[in-house]
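In what follows, every chain begins at residue 1, and chains take the letters A, B, ... in the order their sequences are listed. All figures in this text were calculated on a predicted structure; none of them were measured in a lab.
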Amino acid sequence: MKNISLTKKIKQFPYIFWFGLIITIFIFFVSFISIIWTPYDITVLNIQDKLIPPGNTLHLLGTDHFGRDIASMIMLGAKTSLLVAFTATFLGIVLGVPLGLVAASRAGDPLDDIIMRGNDLIFAFPALVIAILITAILGPSITNAIIAIGIFNIPVFARITRGAALSVFTLDFILAARVCGKNHIQICIEHVLPNIMSILIVQSTIQFSLGILAESGLSYVGLGTQPPMASWGRMLADSQTMISFAPHLALAPGISIIVTVLAINIMGDGLRDYLDPKLRKKSA
Amino acid sequence: MTLLKLKNLSLTIQDKPILKSINLEIKNGEVYGLLGESGCGKSMTAAAITQLLPKFSKLGGKVSFDNNNFIGKSDLEMCKIRGNQIAMIFQEPMTALNPLQTIGNQIAESLLIHKKCSPAKAIKKAGEALGRVGLDATKISPNLYPHQLSGGQRQRVMIAMAIILRPKLLIADEPTTALDVKTQSEILNLLQDLVTKDKVSLLLITHDIAVIAKLATKVAIMKDGELLDSGSTSTVFERLSHPYTRQILSDSIPQKLNLSLINTKKLLEVKSVSKTYQRKFGVNIFNKFNLPILKNISFSINDGECLGLVGESGCGKSTLARSILGLETLESGSITLSGFPISLNQKTKRNVRSRIQIVFQDPFSSFNPRHQIAKIISEPFNLLDKKLDKKIKTNLLLETILNVGLTKDDLIKYPHQFSGGQRQRIALARAIIIKPKLIILDEALSALDVSLRNNMILLLQKLSLNYKLSYLFISHDIHLVKAITNRVLIMQEGTIVEFGKTQEILNGPKHPYTRSLIDSTPSIPESWFKRLEDQNIA
């Protein structure tokens, strides 16, 4: 019985979802592998092998100006970038969505004003500048980069949650749930959250890609990942002086970022379609 | 002279037939009614005439307007005709106007598009058009914005927009469905005036026979994309040659609701309830004003009866309903259900609240689209003090869904898989599952087609017997209230102006407000029913 429902469920997802999911799983897999094994040790310099173009039998993606293996660096960079982007997005969802829901369910109350004006306070600062400020105070490290980026995700999610929830709160089924004696928390979880899920999923994929870029930006100014740790953003930043004679140095992390962001976006779209009963029937 | 002629008009959208060989002719200065239930293709006929069709649609046949065939015309050519020679009036005056533009600008828009005219002159003409639709220029200036007007005034603005260029054909798609009875009769009179004064032709699309009876000289009856019956209005309805015509005429007589279990025991008592809303003025949070919404309301509902509550929108009906449900804080007064108080500030006990349930007007927004029917219907279980056994729950679900005329398989479906009528049954199922004493029907039958309405009334009757229910029936439809309620409350601006037995009040109203409500309700001529009765006897 359970097997039948499982195959049914698989069919309900659009095929493009599986495409995105497989790529995402692959990227995660690679980054996990990098914890225990990489083809080369990226802390060892090998200057005579510097700037080998990609396609080499020993260095599949070539080497950089220190002779380090690009493929190994991409693997390690995947770990850093995904870690930062995922944790920062997660932080934004975990804190931002409840705040937004509370604000929406108490719309018009002073509590709503307090939450939303607090959000505006964070919004008022340019994102990267305050991230630089935070890392400057706390010291440059991956953890601090996560905190800095994550704090910016909170008002984004709070605001989008509140806006979407407000329109759901006006519908009759919310009143029906209140007639059935449900309190605000039950209503938010059972009725509001499922109906704004699609917006949140799309926003998370956007915030995730922005997280990768923000990490790159922080690493670029030296406040994110510290050498010799690799990150895609750091690799991009390092390669830009050599772009004319060694474009593969920029292409490898650049394409990695694009493919990851795209895969996660596709997966998010598929998940959104699956969660909507109306769209689910069509895609099946 | 024939103005518009549809010949064998057919329409398919993505190979799905929508209209099947429609033939009709509209003469100059004539009101042509197009009658049909929702989804029968009435609005699509209008869209086909103006060539404003959705994507992937294929038209066949002929649309000739002033001896001009529209089919195959480019969009650019049609743009010169739309708004200039053919104009449309839509159903929803709240969304059909742009909230960011003054009404003068919106009325003048088509003038600026079609005629060479300076903006200043156009605005002046817009002012004149407002006068033609009966809006006093001294009170309603063209510089107002839509939100400053009432629903009826907005509908007049819509009409002014449509007639400013004196088009030959006006298409009115359910022009009064979203309006109150009194505004409805004003708008219908206005349309009638325009037709007689300006000699425009009017294609009136509606589902309401009474509206047709009031305005249309000719009528065509539509079902599933086909014209079944057409001709002059009085002959069509007096001859009743087509079985479908007979059916919709007999369906439009609301079924009587016979409640046999009435006794004089008071179930719900509302004693001098008052409620005031605090409104904010703009952005200044200190500038508040009080809006009294319920003023000293007292009434009671007896065990087993159906009490009607009639009033215009904004008169406080919904607030009263929410107060009875215990969702509003009361300023003064009390509401008790068989002796137990209901109020938000007194923390109503759950078992008291479980005895009152509600069915809403809009069958589309009253369910969470992400939940299965089983989950939707079982939501009121939350009100029970002790958790029910899973087996008892499943049995109750099954019993309830069968009771409202749906099947077991429907339990695992989602709301979007049901039609409007079925959804109201689901809403009723949700209301009755915990066996309440009182169900509030908030315009619950208003969104339904007449053919479904009578079935719902029969269902209400059956449920009231099975479950020993009382109903509070909120509506603005006088005919419906007359048929199904025992006693009626007439409400105006937060006060009850009349309260008593339905037959006595609606047949001999004492209060001028009640009288004006009854007078402005369009009704079907008695002569039409004669033939129906004769045929029934034969």
Checklist outcome for this item: Cut-off 4.5 Å, heavy atoms of chain B, and the answer for A:Gln186 is side chain
Checklist outcome for this item: So, the part of A:Ile174 with a heavy atom under 4.5 Å from chain B: the answer is neither
Item to check | Part of B:Ile376 within contact of chain A (heavy atom distance under 4.5 Å) | outcome: neither
Item to check | B:Leu325 portion near chain A, given a 4.5 angstrom heavy-atom threshold | outcome: side chain
Checklist entry - What residue, out of A:Lys182, A:Met197, A:Glu190, has the most heavy-atom pairs lying under 4.5 Å from chain B? => result A:Lys182
If you round to the nearest 0.5 Å, how far is [atom2] of [Y] from [atom1] of [X]?
| X | Y | atom1 | atom2 | answer |
| --- | --- | --- | --- | --- |
| B:Lys408 | B:Leu397 | NZ | CG | 11.5 Å |
| A:Ile196 | A:Phe169 | CD1 | CZ | 9.0 Å |
| B:Leu441 | B:Ile358 | CG | CD1 | 8.5 Å |

Checklist entry - Using 4.0 Å as the upper bound for N to carboxylate O, is an ion pair formed by A:Asp112 and A:Arg162? => result yes
Checklist entry - Is it the case that more than 12 heavy atoms not belonging to A:Phe19 sit under 6.0 Å from its CZ atom? => result no
